[in-house]
Amino acid sequence: MSISPLMSSSDQSSSSHAAVFYRRVLEALRASSVPFLVGGSHAFTCHTSIERLTKDLDLFIRRKDYDDVGEVMREAGYSTEMVFAHWLAKVHDDEVFIDLIFNSGNGVCEVDDAWFAHATEGQVLGVPVLISPVEETIWSKAFIMERERYDGADVAHLLQAHANQLDWQRLLDRFGPHWRVLLSHLSLFGFVYPDHRSLVPGWVMEHLLERLRGEAHMAPEPTHLCNGTLLSREQYLDDTEQQGFQDGRLAPFGNLTPRDVTEWTRAIPRLQVPDQTDPP
């Protein structure tokens, strides 16, 4: 499926410093053999035609391709930085940057070959690119339930625009053991758009509800587990740090290391300690 062309944002001209930087990076990567996808707000606009103000660009890559991306960027005159080893790097040009994303902050949504196999075609700033698939966009956004950011509306809009075209089995497979997160969004979708409930195939809802009914008759697992950390890195810290709950991001349940969790937690804005050499 081909997607209509996309400019950067309504408040940023195509000749601005940021737009020139974005275009050069896209052109450099396109000229190389390193695969990448455009995601984030640009992908959301491509998939829904809902424009939003954005001053950044998110590129999705496989973790194994990061070094190759870094080499392409150096040849183009830009520097790269690994910000969080488990999911995020950046390309810098002075104060402007591009996010290089190879996983989600919770470690669940790793960028793998399937992202590229199911990508769609589009244009960003006049450059032909591949856009992150709708299914993966829904999957990654479904877990974002921070106090300051909740992507549930994005999920609802993506479903409203594409529910009748989705590869539902692939979406179910993506959520896997986290199927309750998908069920919660599908339930809310029916609330947000009552006359569009039928866009979600009946067999999908029946499958998820049957799993829910099955769990209702099962004894709870004695794990004292909190999966809330998969939804918010901040709002369930008391559970894991004070109440003794196991963090759902850590083995054997999740994919992050204790160091990943510590570094990701330290980056919470309210926990950052200001430089003591700065004037008050």
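None of the values given here were measured: they were computed from a predicted structure.
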I'd like to know if the side chain of T229 pairs up with that of D247 as donor and acceptor (distance under 3.5 Å, no hydrogens or angles considered). yes
Ring-plane angle category for W87 and F84, please: parallel below 30°, perpendicular beyond 60°, tilted otherwise. parallel
Using modelled atom types and a 3.5 Å cut-off, is there a donor and acceptor pairing between side-chain atoms of N227 and backbone atoms of L230? no
Would you give the length of the straight line joining atom CG of L199 to atom CZ of R197, rounded to the nearest 0.5 angstrom? 12.0 Å
Non-hydrogen atoms of H196 and F189 that approach each other most closely: O-CE2, 3.4 Å
Is V261 close to T265 at the side-chain level, that is, under 4.5 Å between some pair of heavy atoms? yes
Taking S132's backbone N and O only, do any of them form a donor-acceptor pair with H47's side chain (distance below 3.5 Å, no angle check)? yes
Sidechain N-carboxylate O distance under 4.0 Å for R149, D151: yes
Donor + acceptor pair across side chains of H118, E136 (<3.5 Å): no
Residues L37 and A119: closest non-hydrogen pair is CD2-CB, 3.5 Å
Side chains of S232 and E146: donor-acceptor distance under 3.5 Å anywhere? yes
Starting from the C-alpha separation in whole Å, work towards a yes-or-no answer on ring pair (Phe, Tyr, Trp, His ring centres under 6.0 Å) for H178 and F143. CA-CA 10 Å; H178 308 123; F143 290 89; 5.6 Å; yes
Which pair of heavy atoms, one from Q123 and one from P128, lies closest together, and at what distance? CG-CA, 4.1 Å
Lys NZ or Arg CZ of R24 over Y78 ring: under 6.0 Å, within 45°: no
For the residue pair D93 and H17, confirm or rule out a side-chain donor-acceptor distance under 3.5 Å. yes
Looking at every non-hydrogen atom in both residues, tell me the closest pair between W139 and V108 and how far apart they are. CZ2-O, 3.5 Å
Can you measure from NE2 (H42) to OH (Y22) and round to the nearest 0.5 angstrom? 7.0 Å
Can you give me the closest heavy-atom contact between I131 and C46, atom names plus distance? CD1-SG, 4.1 Å
Is the shortest distance from a Lys or Arg side-chain nitrogen in R62 or E110 to a carboxylate oxygen in the other one below 4.0 Å? no
Plane angle bin for F60 and W115 - parallel if under 30°, tilted between 30 and 60°, otherwise perpendicular: parallel
Decide, yes or no, whether a salt bridge links E263 with R259 under the criterion of side-chain N to carboxylate O below 4.0 Å. yes
For the side chain of N103 and the backbone of C109, is there at least one donor-acceptor N/O pair under 3.5 Å apart? yes
Over-ring placement of K141 relative to F44, 6.0 Å and 45° cut-offs: yes
